[in-house]
Each structure stands twice: as C-alpha cells, then as structure tokens.
Number of protein chains: 2
Amino acid sequence: MKRNTWQREAVREALGSNEGFVSAQSLHSTLRDTGSPIGLATVYRALADLAVEGEADSLQSLEGESLYRACTQGQHHHHLICRNCGLTVEIEADAVELWAQSVASEHGFTQANHVVDVFGLCAECTVQTRLAR
Amino acid sequence: MKRNTWQREAVREALGSNEGFVSAQSLHSTLRDTGSPIGLATVYRALADLAVEGEADSLQSLEGESLYRACTQGQHHHHLICRNCGLTVEIEADAVELWAQSVASEHGFTQANHVVDVFGLCAECTVQTRLAR
DNA sequence: TGTATTATTGATAACGAATCTCATTACTGT
DNA sequence: ACAGTAATGAGATTCGTTATCAATAATACA
Ligand SMILES: [Mn+2]
Ligand SMILES: [Mn+2]
Ligand SMILES: [Zn+2]
Ligand SMILES: [Zn+2]
C-alpha cells in the first residue's frame, strides 16, 4: 500500500509554493536550502508520482529537461510559459483538442495524444529584456 | 567558410532515406551498418546544422530525446508521429498558429513560439498491436 | 503497545544523450 | 602545390535521470 512520508509532503508543498515550472534538481536545491535533508532520488520519485496522480503537470523544456508544476485544474489543459522566469499561465482550448483529435483520425492514427506548449517572454520579462540593452 | 564533406552528405542522405523521425544515435548506427566510418560527434553536428539551415525538422521525443527528419516543406508546420514506428505526417494548421499567437499576446507575452506535436499509432501499427494480444 | 511486514528512503553507482577536447585530417582559394 | 583553417573523430566529460541495495520507518495487526 501507499505510505505517507514527510518527504512526499515536502515535495508537494515546495511545488505548490512555486509560481512556475521547475526541475527536480532545482526543487531539491530549494528544499535543501530550507534545511530539509531530503534526498535527490526521493524528489525525482515524488515528482513522478505526483504527475501520475494528476497532482502535478509535467513537460519537457525546450532543452529536453523535465519540468514540474503543481496542477490546480483537474481537467486537461496546456500552458503558456515564460522562457525567462518560468511564469506559467494555464490555458484551455477546446478548438485545439478537437483539431488534434481530427488530424489524427483523418490519417488513420489511433490512441492519439498531443504536446501543445506556448513559450514566450512574460510582460515583466519583456520590459527587463528591453532595459538590459 | 562552410566546407563540403562526404560526412555531411552521408547524413543528409541517410536522413532523406528514412520515413520518420530518428535519433542521432540511431542514424549513426545505420550509417555504421552500411560501412560508413563516420563519427558520432559528426552526426550530431551535421544534424544540428541541417536543422538550423531548415533542411531538417527536429523535435523532442516524449522521453526528451532529440529526433530529426528530412524536411520537405519549406514553410512552418507540425507533425503527426507514430509512437511505434516513427512514421510521420507533416501537417499545417493556420488555425493553431493564430491561436498560439493570440493566446500569448492576450496574456502580455512577447516573442512567442510553440511546440505542437500529435503522437499516436499509425493505421498499420494499430493493426499489429491488436494482433499481438 | 509491541511487533512483523514491507514500502520508502538516500548515498552512491550506473546509465545514456549530448557536448567538449584537441591532435589529425582534408577542403578551398590562391 | 601549398598555406590556412574548417571539419573530423576517438575519447573524455558533463549532466539529467534511473538503478542498487542496505537502512529506515510507515502501517497492519496480534
Ligand atoms: Mn490538449
Ligand atoms: Mn505552428
Ligand atoms: Zn517572465
Ligand atoms: Zn506506426
């Protein structure tokens, strides 16, 4: 049976107190910095579990790293992510869902799923970038 | 200046004679199997170059591995990919392009780009899977 | 409450994709 | 032909992630 440990709870909370997507490594650093002696492997395991259970969203960064975020919405949705600061907006788009489904079936594909992420610079980071040069 | 080598040409050709997306490692294996003594690092470099020059499409597999494919279309497009055999269909969808752009700007995001891939089982692999069980 | 069971943990090793190093090779323009 | 230098490739290295496995601790139950 599944057991409750302070480690899983610590990961859940650290994830929840974070605005955007974070990597397992960075979350582990954060936890360590706050005095938690949690192990890296445990963070990886907890995040994978949370993702399976639907308590966390996960995606691959453009560089191929796995990133996680506390999932607030229960239903299927996508994300608009700031490349600079990680700020994330959850977005729903039935039109895109229908499109993906029909594109697949039109070509005889079954068991279709899709990856839809929008990346950009959030308003704040856009200003900062302009000032920097 | 850029130089022409048989290695780059070999990668271009191997990529072109392949139906779907392939990893650098698998393309390197293929080349080696046909007797080519090309180095792995060279395959990685050639694929990266082809992608920059628009001669190859690239995407991250669901597991985070970089995959490449000879690019036939010049314009921006997306892909419908078979999870089992890699068979790929190029798809255009202006509606999705506009949607991504507007979602970003509605939330004050700039310099938006997007990742849109549809994965599934192609017709042939669907049949094989059904027979297997 | 004590105890047996066993899921979980975590330090470490191992793995795999991708990149870097750098001596050697071989395009290219002259 | 030759000099200049971009490209190559074997091997080392980096880095994210997973596997190992002995130690730990959560849970069920006597
Ligand atoms: Mn969707
Ligand atoms: Mn697009
Ligand atoms: Zn930002
Ligand atoms: Zn297939």
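Throughout, a chain's letter reflects where its sequence line sits, starting with A, and its residues are numbered from 1.
- When rounded to the nearest whole Å, the span between CD of B:Glu65 and P of D:dT17 equals 14 Å.
- For B:Arg8 and B:Glu13, the salt-bridge test fails: no basic side-chain N is under 4.0 Å from an acidic carboxylate O.
- In this structure, NZ of B:Lys2 is placed 15 Å from C1' of D:dT8, rounded to the nearest angstrom.
- Contact between the side-chain N/O atoms of B:Tyr44 and the OP1/OP2 oxygens of C:dT19 is not found at any separation under 4.0 Å.
- Not one side-chain nitrogen or oxygen of A:Gln7 sits closer than 4.0 Å to the OP1 or OP2 atom of D:dA25.
- The side chain to side chain donor-acceptor pair (under 3.5 Å) with B:Glu92 is formed by just one residue from the set B:Gln73, B:His78, B:His76; it is B:Gln73.
- The residue from B:Glu55, B:Glu90, B:His77 that alone fulfils the side chain to side chain donor-acceptor pair (under 3.5 Å) condition with B:Thr72 is B:Glu90.
- Not a single donor-acceptor contact under 3.5 angstrom links the side-chain atoms of A:Arg45 to the base of D:dT18.
- Residue contacts shown for B:Leu40 are absent, as no nucleic acid heavy atom lies under 4.0 Å away.
- What you find for B:Leu31 and B:Thr34 is that their closest heavy atoms are O-OG1, 2.7 Å.
- Rounded to an integer number of Å, the gap from CZ of A:Arg32 to C1' of C:dT9 is 12 Å.
- Remark: P of C:dG29 and CE of B:Met1 are 7 Å apart, rounded to the nearest angstrom.
- Looking at the side chain of B:Ala41, the nearest of the listed nucleotides D:dA6, D:dG9, D:dT27 is D:dG9.
- When distances run from any side-chain atom of B:Thr5 to the nucleotides C:dG10, D:dT8, C:dA17, the shortest one goes to D:dT8.
- Taking atom CH2 on B:Trp6 and atom P on C:dC27, their separation rounds to 10 Å, with Å as the unit.
- Checking side-chain atoms of B:Ser36 against main-chain N and O of B:Arg32 turns up no donor-acceptor pair under 3.5 Å.
- What separates CZ of B:Arg3 from C1' of C:dT24 is a distance of 13 Å, to the nearest Å.
- Counting any heavy atom pair closer than 4.0 Å across all strands shown, A:Arg8 reaches sugar-phosphate atoms only and no base atom.
- Between the P atom of D:dA28 and the CG atom of A:Asn4 lies a distance of 10 Å, rounded to the nearest Å.
- Per the geometry, NE2 belonging to B:His28 stands 12 Å off C1' belonging to D:dT8, to the nearest Å.
- Using a 4.0 Å heavy-atom cutoff across all strands shown, A:Ser66 reaches sugar-phosphate atoms only and no base atom.
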